[in-house]
Amino acid sequence: MQTSSSSPSASPGWHDVLMHHLEPLLGDFTAKMAIHTAALRVLKRPPEQVGLQDVPLVLEGLKPMLNVFIGAARTTTTLTELSKAMEKLR
């Protein structure tokens, strides 16, 4: 089975930006699982089917998990940084 993230309909970059910000805080595996869980919970789709326009909803979905893992103050700062980084991708 071959998977490709470079399909024409995919939004390359948003997942990488999230991982870049979340890996230092959560570790590689936990960051991947947090993104996957948030996408499934909020959008009912896996991250591979999420477009750039849906990322603000994924960020909202990450908020409860991040509050538990890194605290409310750091979550607010992290989500603000991520929102700004996502705007640069548009």
Side-chain angles (χ1 to χ4, degrees):
M1 181 169 90
Q2 183 179 13
T3 59
S4 173
S5 62
S6 60
S7 70
S9 62
S11 297
W14 74 263
H15 189 269
D16 295 332
V17 171
L18 260 61
M19 287 298 293
H20 176 75
H21 279 81
L22 296 178
E23 277 180 338
L25 301 170
L26 305 174
D28 181 54
F29 179 78
T30 305
K32 284 179 190 172
M33 292 310 299
I35 293 167
H36 187 81
T37 301
L40 285 177
R41 189 166 42 104
V42 175
L43 299 170
K44 311 291 189 252
R45 296 188 308 240
E48 299 82 30
Q49 296 176 3
V50 173
L52 186 57
Q53 71 279 2
D54 299 318
V55 173
L57 295 172
V58 174
L59 293 179
E60 263 313 297
L62 284 169
K63 190 173 184 174
M65 286 181 275
L66 292 177
N67 280 335
V68 170
F69 287 129
I70 63 175
R74 183 70 182 146
T75 294
T76 301
T77 302
T78 300
L79 291 176
T80 300
E81 290 170 359
L82 283 168
S83 293
K84 289 177 184 176
M86 290 302 137
E87 285 299 315
K88 292 178 182 177
L89 292 178
R90 293 183 194 263

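All values below come from the heavy atoms of this structure, side chains included, with hydrogens, waters and symmetry mates left out.
- Among residues two or more places apart in sequence or in another chain, the salt bridge (charged side-chain N to carboxylate O under 4.0 Å, His left out) test is passed with Arg41 by none.
- The list of side-chain hydrogen bond (donor to acceptor under 3.5 Å, both in side chains) pairs with a residue in residues 23-35, not counting sequence neighbours, reads Asp28-Lys32.
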What pairs of donor and acceptor atoms, side-chain ones from residues 58-72 against any protein atom, are under 3.5 angstrom apart with sequence neighbours left out?
from, atom 1, to, atom 2, distance (Å)
Asn67, OD1, Thr75, OG1, 3.4
Asn67, ND2, Lys63, O, 3.4

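- No salt bridge links Lys84 with Glu81; every basic N to acidic carboxylate O contact stays at or beyond 4.0 Å.
- Between the OG1 atom in Thr78 and the CG atom in Leu25 there is a gap of 5.0 Å [rounded to 0.5 Å].
- Hydrophobic clustering, with ILVMFWY side chains joined whenever heavy atoms are under 4.5 angstrom apart, groups Leu22 together with Met19.
- Here the CD atom belonging to Gln53 is positioned 12.5 Å from the CE atom belonging to Met86, to the nearest 0.5 angstrom.
- Under the 4.5 Å side-chain heavy-atom criterion for ILVMFWY residues, a single connected hydrophobic cluster contains both Leu52 and Val42.
- For the residue pair Ala34 and Leu26, the shortest heavy atom distance occurs at CB-CD1, 4.3 Å.
- Put simply, Leu82 and Met33 are part of two different groups of oily side chains (I, L, V, M, F, W, Y) that touch within less than 4.5 Å, one to the next.
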### Query
side chain to side chain contact (heavy atoms under 4.5 Å, CB included) between Val55 and Leu18: does it pass, once the steps are laid out?
CA-CA 10 Å; Val55 173; Leu18 260 61; 4.3 Å; yes
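- A continuous path of ILVMFWY side-chain contacts below 4.5 Å connects Ile35 to Val17, so both sit in one hydrophobic cluster.
- Between Ala39 and Pro46, the closest heavy-atom pair is CB-C, 4.3 Å.
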